[in-house]
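To start, the structure under review is shown below, and the notes come after it.
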Amino acid sequence: MYSKFGELHTAVALFNLMPRKNIMTSNILIGGFIQSGDLVTAWKLFEEMPERNLATWNAMVTGLTQFEFNKEALGLLSQMHEIGFRLDEFTLGSILRGCAGLKALIPGKQIHCYIMKSGFDGNLVVGSSLAHMYMKCGFVEEGERVIKGMPVHNVVACNTLIAGRAQNGCSEEAVDQYNLMKIAGFRPDKITFVSVISSCSELATLGQGQQIHAEAIKSGAASAVSVVSSLISMYSRCGCLEDSIRAFLECEDADVVLWSSMTAAYGFHGQGQEAIKLFESMENEGLEPNDVTFLSLLYACSHSGLKERGAKFFELMVDKYKVSPSLEHYTCMVDLLGRSGCLEEAEALIQSMPIKPDAIIWKTLLSACKIHKNAKMARKVAEEVLRLDPQDSAPYVLLSNIHASAKRWGDVSDVRKAMREMKVKKEPGISWLEVKNQVHQFCMGDQSHPKWMEIDGFLKELILEIKERGYVPDTSSVLHDMDAEEKEYSLAHHSEKVAIAFALLNTPVGSPIRIMKNLRVCNDCHVAIKFISEVTLREIIVRDASRFHHFKAGKCSCGDYW
DNA sequence: GTAGGGTTAG
């Protein structure tokens, strides 16, 4: 009774007075200490026990995995094995959770073998944990096989499948599974909504996201802070910052994740000042920012050109909040310095940081070299990128762009030759948008859309019209060796331009257009879309690989800084 | 006593 009411030390005092200490009482105490987070005392009791049963071991293994002492839990498991204990569903569920946390596939597979032999493979808890372990290790298909092999399902099994797909980049499949689970008669809970709403942010399918939000409200799960965090991110990534703000303000039990997701949302829309204000209010509320909060904040500073503020926050993070900077934090800082033109400083940071640089951080610096047209540094940096990731097309494309904008055509063709030799291909640009709950996708060079002729004709007219207003095609981002006319044709068919033409033809006059793109918007498209927003009197919102651009009346919200 | 989830650099 005492251990249930949290008066553990009273319980221990009583326990010590007992002339004969039985296993059950000790087990209850161990469980109590684990629940209160005092693993040290739980461990001490465990060690002192002259005799332990399966429940004792299970309590300890579970306790260790609950607090992410996964390696230690695996150590206990092997001791259990040596002594000859038979593992039950409680042991198996917990230890699989530990394996998932460690992304330890090999021990996970060994446990899978044990499960098959001991006949636990039809057990819902064991099966879900096993599938979760595979999914966390990146083996989606194996996880699916485990879930589908179970004779009965429940909400947790469905959620395991949905979350596993969502976390492994199979967002569409996650949404499909969500629909299937409803048909099968399972009632989605807050964990379902978190996963499926996150998938909608990944897909940037606003209509779908709104519908699922409505379903979450009906089910009563929409006010859970974890669901709100995913909603903030979803609305932000679908281009509706206002809805993110509304969700944030309406949430009653805010935590650090909620604040971080709102910070990220502001950053994503280029509202660095707002992100900073938010961070300051968070500090005032007495909430402790974490590594992700700072990542979002630094990102927001970087995308708004707030170099000094960003640098100060980096210091604050290390000195006051004792968050040790990760490679991601350094990448953000390199981006911040590089974008604002301090290329040498950015390079010096990479050289001096205590973590080994990867291809991504060098690529970040390379983009900055492109923005600030520093061909000399770009060459050097491109070499670093290629050394770490020889198949990456980005350094070739960026180098070629830099040479092309300086009209060094010989250098451009050298880069092209090197690409051919290395068999590196540029990732094709893809843009997509939702019209009446249907997703339309346009890929550079693909004319398969049923309305292609109509779209193409309209696009030609549109380009002519914006040329009259002063648009001059910027062919420097065309990679191939072509004559000027071909280059212009190629440029005019960048997937975002095609998608916008399609949207103008198929959405109500005056309504905003939302386009998503897998790559970053090129400079030419950026200029062209500004003109298009002016001549068509439309607000055009483009999400590219890195952030949002809100085009309105000939201007972009990024202030041409991206 | 056991299982599934939110924010995140380029």
Side-chain angles (χ1 to χ4, degrees), chain A residues 27-28 30-32 34-35 54-63 65-66 87-97 100 123-133 135-136 147 154-164 166-167 189-198 201 221 224-234 236 255-265 267-268 289-300 302-303 325-336 338 358-368 385 392 394 520 545-547:
Chain A
N27 287 353
I28 292 170
I30 289 180
I34 286 168
Q35 266 175 23
L54 185 58
T56 324
W57 287 90
N58 283 349
M60 216 49 235
V61 171
T62 310
T65 56
Q66 262 173 13
L87 315 181
D88 69 359
E89 58 174 302
F90 297 99
T91 340
L92 292 167
S94 300
I95 204 65
L96 282 166
R97 175 187 164 141
N123 181 294
L124 265 174
V125 177
V126 174
S128 300
S129 316
L130 182 62
H132 176 231
M133 184 279 298
M135 305 275 211
K136 275 277 174 202
I147 296 278
N154 63 2
V155 179
V156 179
C158 297
N159 287 348
T160 307
L161 207 49
I162 295 173
Q167 288 165 7
D189 64 6
K190 62 178 181 180
I191 294 178
T192 324
F193 286 116
V194 160
S195 299
V196 78
I197 292 167
S198 303
S201 6
V225 62
S226 52
V227 177
V228 182
S229 299
S230 62
L231 283 170
I232 289 174
S233 174
M234 186 273 288
S236 149
D255 63 4
V256 63
V257 177
L258 188 91
W259 284 84
S260 303
S261 53
M262 195 59 231
T263 310
F268 207 60
N290 64 16
D291 52 338
V292 180
T293 321
F294 279 107
L295 206 54
S296 304
L297 184 63
L298 293 174
Y299 172 89
S302 171
H303 283 257
S326 65
L327 191 53
E328 285 88 343
H329 291 107
Y330 282 111
T331 308
C332 247
M333 286 305 290
V334 166
D335 195 46
L336 178 81
D358 63 353
I360 294 170
I361 195 164
W362 285 115
K363 226 158 48 175
T364 307
L365 183 56
L366 188 58
S367 303
V385 180
D392 191 345
R520 285 173 78 165
S546 143
R547 59 167 291 158

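In what follows, chains are A, B, ... by sequence order, proteins preceding strands, each numbered from 1.
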Open item on the list: To check you understand the geometry: which heavy-atom pair defines the closest contact between A:Ser230 and A:Phe193, and what is its length?
Closed with: OG-O, 4.5 Å
TODO: Report yes if a side-chain nitrogen or oxygen of A:His329 is closer than 4.0 Å to either non-bridging phosphate oxygen (OP1 or OP2) of B:dT8; otherwise report no.
DONE: no
Open item on the list: When you measure from the side-chain N and O atoms of A:His303 to the phosphate of B:dA9, is any distance below 4.0 Å, counting only OP1 and OP2?
Closed with: no
Open item on the list: Can you measure A:Trp259 atom CH2 to B:dT7 atom P for me and round it to whole angstrom units?
Closed with: 18 Å
Task: Distance in angstrom units between A:Asn123 CG and B:dT2 C1', rounded - done: 9 Å
Open item on the list: Any non-hydrogen side-chain atom of A:Asp291 less than 4.5 Å from a side-chain atom of A:Phe294?
Closed with: no
Task: Nearest-neighbour nucleotide for the A:Asp335 side chain, B:dG10, B:dG5, B:dA3 considered - done: B:dG10
Task: Nearest-neighbour nucleotide for the A:Ala55 side chain, B:dA3, B:dG1, B:dT7 considered - done: B:dG1
Open item on the list: Please pick, from B:dA3, B:dG10, B:dG6, the nucleotide with the shortest atom-to-atom distance to any side-chain atom of A:Leu124.
Closed with: B:dA3
Task: Nucleotide nearest A:Ser198 when distance is taken to its side chain, options B:dA3, B:dA9, B:dG6 - done: B:dG6
Open item on the list: Looking only at the side chain of A:Asn58 (C-beta and beyond, no hydrogens), which of the listed nucleotides B:dG1, B:dT2, B:dG5 gets closest?
Closed with: B:dG1
- [ ] Determine the contact category for A:Val126: base if any of its heavy atoms lies under 4.0 Å from a base atom, sugar-phosphate if only primed atoms, P, OP1 or OP2 are that close, otherwise nothing.
- [x] nothing
Open item on the list: What's A:Leu96 touching, base or sugar-phosphate or nothing? Going by heavy atoms closer than 4.0 Å.
Closed with: nothing
Open item on the list: Measure CG/A:Leu366 against P/B:dA9 and give the value in whole Å, please.
Closed with: 20 Å
Open item on the list: Should the side chain of A:Glu328 and the base of B:dT8 be counted as holding a donor-acceptor pair, with the cut-off at 3.5 Å?
Closed with: no
Task: Given B:dT2, B:dT7, B:dA9, the nucleotide with the shortest approach to the side chain of A:Ser94 - done: B:dT2
Task: With A:Asn290 via side chain to side chain contact (heavy atoms under 4.5 Å, CB included) - residues at least two apart - done: A:Val256, A:Ser260, A:Val292, A:Thr293
TODO: Would you check if A:Leu231 and A:Val227 make a side-chain contact, meaning some heavy-atom pair closer than 4.5 Å?
DONE: yes
Open item on the list: Base, sugar-phosphate or nothing for A:Thr364? Non-hydrogen atoms, less than 4.0 Å.
Closed with: sugar-phosphate
Task: Under 3.5 Å donor-acceptor pair, A:Ser229 side-chain atoms to B:dT7 base atoms - done: no
- [ ] Verify whether one side chain among A:His329 and A:Ser326 offers a donor that lies under 3.5 Å from an acceptor in the other.
- [x] yes
Task: Between B:dG6 (P) and A:Gln167 (CD): distance, integer Å - done: 5 Å
Task: Base of B:dG1 paired with side chain of A:Asn27 (donor-acceptor, under 3.5 Å) - done: no
Task: Selection from B:dA9, B:dG6, B:dT2 that lies nearest to any side-chain heavy atom of A:Tyr299 - done: B:dA9
Task: Per-pair stack call A:Phe90 and B:dG1, 5.5 Å, 30° - done: yes
Task: Rounded distance in Å - CE (A:Met135) to P (B:dA3) - done: 18 Å
TODO: Grab the CG-P distance between A:Asp255 and B:dT7 for me, whole Å please.
DONE: 12 Å
Open item on the list: Heavy atoms only, 4.0 Å cut-off, all strands: where does A:Val155 land among base, sugar-phosphate and nothing?
Closed with: base
TODO: Just jot down the side-chain hydrogen bond (donor to acceptor under 3.5 Å, both in side chains) partners of A:His303, sequence neighbours excluded, or say none.
DONE: A:Arg339
Task: pair A:Pro325-A:Met333: side-chain heavy atoms closer than 4.5 Å - done: no
- [ ] Look at the side chain of A:Cys332 and decide which nucleotide, out of B:dA3, B:dA9, B:dG6, has an atom nearest to it.
- [x] B:dA9
TODO: Let me know the distance between CG of A:Leu327 and P of B:dT8, rounded to the nearest Å.
DONE: 18 Å
Open item on the list: Using the side-chain heavy atoms of A:Asp88, tell me which of these nucleotides is nearest: B:dG5, B:dG1, B:dA3.
Closed with: B:dG1
TODO: Whole angstrom is fine here: how far is it from CZ in A:Phe193 over to C1' in B:dT7?
DONE: 20 Å
Open item on the list: Counting only side-chain heavy atoms from C-beta out, which of B:dG6, B:dT2, B:dA9 sits nearest to A:Thr331?
Closed with: B:dA9
- [ ] Under 4.0 Å between any heavy atoms, over every strand shown, what does A:Ala264 touch: base, sugar-phosphate, or nothing? Just pick one.
- [x] sugar-phosphate
- [ ] Scan A:Asp291 against the nucleic acid and name what it touches under 4.0 Å (heavy atoms): base, sugar-phosphate only, or nothing.
- [x] nothing
